[in-house]
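A short worksheet on the structure shown next.
For this chain, numbers begin at 1 and follow the sequence in order. Numbering of ligands and ligand atoms starts at 1, following listing order. Fair warning: this is a prediction, and the values are worked out from it, not measured in the lab.
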Amino acid sequence: MNNKQVVRILNQLADYLDLAGENSFKVSAYRKAGRAVEASRFVIADHLDRLLELPGVGKGTAGVIEEIVETGQSSQLERLRNELPQGLPDLLSLQGVGPKTIYTLYKELGITSREELLQAAELGRIRGLTGFGAKKEQKILEAVQNFAQRSERVLRVHALQVAKEIERNLTTLSFIQKMSVAGSLRRGRETVKDLDFVIATTHPEEVADQIVQLPFVKEIVNQGSTKVSVVVDVEGIQMSVDFRLVTREQYASALHHFTGSAEHNIRIRQRAKQMGYKVSEYGIFHDDSEEMITFAEEKDFFAHLQLAYVPPELREDRGEMEAAEQNQVPTLFQQGDYMGDLHMHSLYSDGAHSIREMAEAAKERGYEYIAITDHSQSLQVANGLTITELREQWEEIAQVNREVEGITVLRGTEMDILPDGRLDFPDEVLAELDVVIASIHSGMKQDRDTLTRRLVEAMENPYVHIIGHPTGRVLFKRDGYDLDFDHIFQTAKDTGTILECNANGRRLDLNDELLKKAKDEYGLTFTINTDAHSVPDLSRVELGISTARRGWLTKPDVINSKGLDELQEFLKEKRKKNRKNR
Ligand code: DGT
Ligand code: CA
Ligand code: CA
Ligand code: ZN
């Protein structure tokens, strides 16, 4: 049994206990244990003797984990599964509808499914319950309606996981000459409806036969000699997948066509037409000829249309055609340009690993530096640090810097911008930090002017380097704050404040479009950070990079491309420039 399977059962147990109205301390203990197992770097099943080393795991939870590993299930969970109505756990996936609400709705109105919930909300039966009301009823109604829409798309981080598993399996099949993922995943989009693969093969039927037999294929939607469509289930994530089977000659054109976007493809076809050509899925025809021209690589396809190569992330008809015509496609930011991560949490606040563990993992990734940016005192739900605790942390940072060679740990904070606009630490404390991120974590429903002013005032502080996850959006959960972006971008420019592209797969904040706007219209500079709460989270930098690429960012646009000395000089500049104004 691997760690992920253990985590899934622990989380399920916590969910079911919540639904049964159990003591919330007990429930949060299981959730905490789940996070610790997830973040653990050893295989739990092989090291049951080390369970108590995991943060937040005590004797009771250790016993439950042992049972899960030994029997593959939890007797407590099985008991709850029999006692609770079947549809109840599904309701947990509705945004803003918590387990206690679900418990009440079940007890009072007997609701056990989304359909029943929708009906009850539409009939106005929920508002009368104690502690509910018309406003809450409306919120529940919207949550059910939203669910129907959002369930069509999958987060990029999950789609990548499925795609990697499929790729791993495709490499074991016979007769495949070349293959690539295409579609919105290849373009780096933050959510994906279905996966698309393009495969070059000499034996399409045989490849199709092998694909439908892969272990994760749950349903065969269509099986032909040019296209196979299936539904897969990889570690509980279900997705539709299209496989296009083509010859090696057709491959480059097909890869371009099925990468899209549809809007980009329309522009390509228009250009071809102007040149007297016609583009098909498999190649290009000249007007005067029946013969199809094919290409070895995608770049040859673009070259035939007298266009520079356009990276997939730019293929959205957002100016890439004009750039390609003028040979002005930018060299986008890439993984190798990334020198260090400036936003992460440790055991001091709500992270799962020590400063030393984060530093060693970052070193292994080849970074020159990291900043430890734990939460500040007011964010009590995330165990924010007081000034005294912050100073203790500096001692530990100094010690890690002495003991771990080849990487530098910077002193940082992710400081709350309080609801009234004040900052959570005084300037004297901020002055002693290398990296100051200011973020909003409360008062998120304030009006546009108030929220904009909070961010603007934070940026006007000479000690604030970075605004963390500027819009606060969480994909499938909440939209970003209502903000005056022009005012914010102008202030960032005037004050020299850096805006973050947060690489958490649910945030990706700023998103691609806002990054592009801020760069094109205001010439801003950015930082890509993972906001890691554990060692494995460091790898999600790839999500931030694909978002930055979709925002047309290049190496000089991103401060994480700087070496340590250059970065530290840069971070001091804002203070120097603005100090006389205070
Ligand atoms: P999504 O919705 O996340 O799956 O987005 P895509 O872009 O992966 O869309 P999908 O899977 O429907 O199609 C993959 C690509 O195939 C698409 O980006 C462009 C190409 N394609 C598919 N259908 C059409 C079409 O009707 N017209 C054009 N021009 N291109 C298409
Ligand atoms: Ca797709
Ligand atoms: Ca598709
Ligand atoms: Zn934050």
Practice problem: Considering only protein heavy atoms, determine whether one is less than 4.0 Å from atom 2 (O) of ligand 1. | Solution: yes

Quiz item: Within a distance of under 4.0 Å, is there any protein heavy atom near atom 26 (O) of ligand 1?
Solution: no

Quiz prompt | Carboxylate-amine/guanidinium proximity below 4.0 Å for E542 and K164 | solution = yes

Quiz item: Which option, I266, T259, D194, owns the non-hydrogen atom nearest atom 11 (O) of ligand 1?
Solution: D194

Practice problem: Considering only NZ, NE, NH1 and NH2 on the basic side and carboxylate oxygens on the acidic side, decide whether R267 and D317 come within less than 4.0 Å. | Solution: yes

Quiz item: Where does S261 meet ligand 1, judged by heavy-atom distances below 4.0 Å: at the side chain, the backbone, both, or neither?
Solution: backbone

Quiz prompt | N/O/S atom of D531 inside 2.8 Å of the Zn ion (ligand 4), strictly under | solution = no

Quiz item: So, the side chain of R507 versus the backbone of V474: is there a donor-acceptor pair under 3.5 Å, distance only?
Solution: no

Quiz prompt | Enumerated ligand 1 atoms positioned under 4.0 Å from heavy atoms of V192 | solution = 3 (O)

Quiz prompt | Approximate separation, where rounding is to 0.5 Å, of F302 CZ and F295 CZ | solution = 11.0 Å

Quiz item: So, does R187 sit close enough to ligand 1 that a heavy atom of it is under 4.0 Å from the ligand?
Solution: yes

Exercise. Name the closest protein heavy atom to atom 29 (N) of ligand 1, giving the residue it belongs to and the distance to 0.1 Å.
Key: R269 NH2, 3.3 Å

Self-check item: Residues R187, E316: salt bridge by 4.0 Å N-O rule
Solution: yes

Exercise. Using non-hydrogen atoms of the residue, decide whether R153 is closer than 4.0 angstrom to ligand 1.
Key: yes

Quiz prompt | Parallel, tilted or perpendicular, as decided by the 30° and 60° cut-offs, for the rings of Y277 and H286 | solution = parallel

Practice problem: If the plane angle is over 60° it's perpendicular, under 30° parallel, otherwise tilted; pick one for F197 and F243. | Solution: parallel

Quiz prompt | Check ion pair R315-E263 (N to O, under 4.0 angstrom) | solution = no

Quiz item: Within a distance of under 4.0 Å, is there any protein heavy atom near atom 20 (C) of ligand 1?
Solution: yes

Quiz item: Got the closest protein heavy atom to atom 12 (O) of ligand 1, with its distance?
Solution: K193 NZ, 3.4 Å

Self-check item: R186 with D196: basic N within carboxylate O range, under 4.0 Å
Solution: no

Quiz prompt | atom 18 (O) of ligand 1 - nearest protein heavy atom and its distance | solution = G260 CA, 3.2 Å

Quiz item: Does the ring center of Y282 lie less than 6.0 Å from the ring center of H257?
Solution: no

Quiz item: Is there a nitrogen or oxygen of T191 sitting under 3.5 Å from a nitrogen or oxygen of ligand 1?
Solution: no

Quiz item: Can you tell me the angle formed at the Ca ion (ligand 3) by OD1 of D196 and OD1 of D194, to 10°?
Solution: 100°

Self-check item: Ion pair D287/K278, N-O distance below 4.0 Å
Solution: no

Practice problem: May I ask you to establish whether K562 and F570 are in a cation-pi arrangement, using a distance under 6.0 Å from NZ or CZ to the six-membered ring centre and at most 45° from the ring axis? | Solution: yes

Quiz item: Is there an N/O/S atom in H441 that lies less than 2.8 Å from the Zn ion (ligand 4)?
Solution: yes

Quiz item: Strictly under 6.0 Å, is that where the ring centroids of H345 and H353 end up?
Solution: no

Quiz item: Can you name the N, O or S atom of E414 that is closest to the Zn ion (ligand 4)?
Solution: OE2

Exercise. If you have a sec, work out which protein heavy atom is nearest atom 30 (N) of ligand 1 and how many Å separate them, to one decimal?
Key: N265 ND2, 3.6 Å

Exercise. Please report the closest heavy-atom contact between V310 and A324, naming both atoms and the distance.
Key: CG2-CB, 3.7 Å

Quiz item: Near the Zn ion (ligand 4), is there an N/O/S atom from H343 that is less than 2.8 Å away?
Solution: no

Quiz item: What protein heavy atom sits nearest atom 22 (C) of ligand 1, and how far away is it?
Solution: H257 NE2, 4.9 Å

Quiz prompt | Name of the D242 atom (N/O/S only) found closest to the Ca ion (ligand 3) | solution = OD2

Quiz item: Which protein non-hydrogen atom lies closest to atom 14 (C) of ligand 1, naming both residue and atom, and how far is it?
Solution: F258 O, 3.6 Å

Practice problem: Run the numbers for me: atoms of ligand 1, each under 4.0 Å from some heavy atom of G183, listed by number. | Solution: 8 (O)

Quiz item: Quick check: does D242 get an N/O under 3.5 Å from an N/O on ligand 1?
Solution: no

Practice problem: May I ask you to identify the nearest protein heavy atom to atom 6 (P) of ligand 1, giving residue, atom name and distance to one decimal place in Å? | Solution: S184 N, 3.7 Å

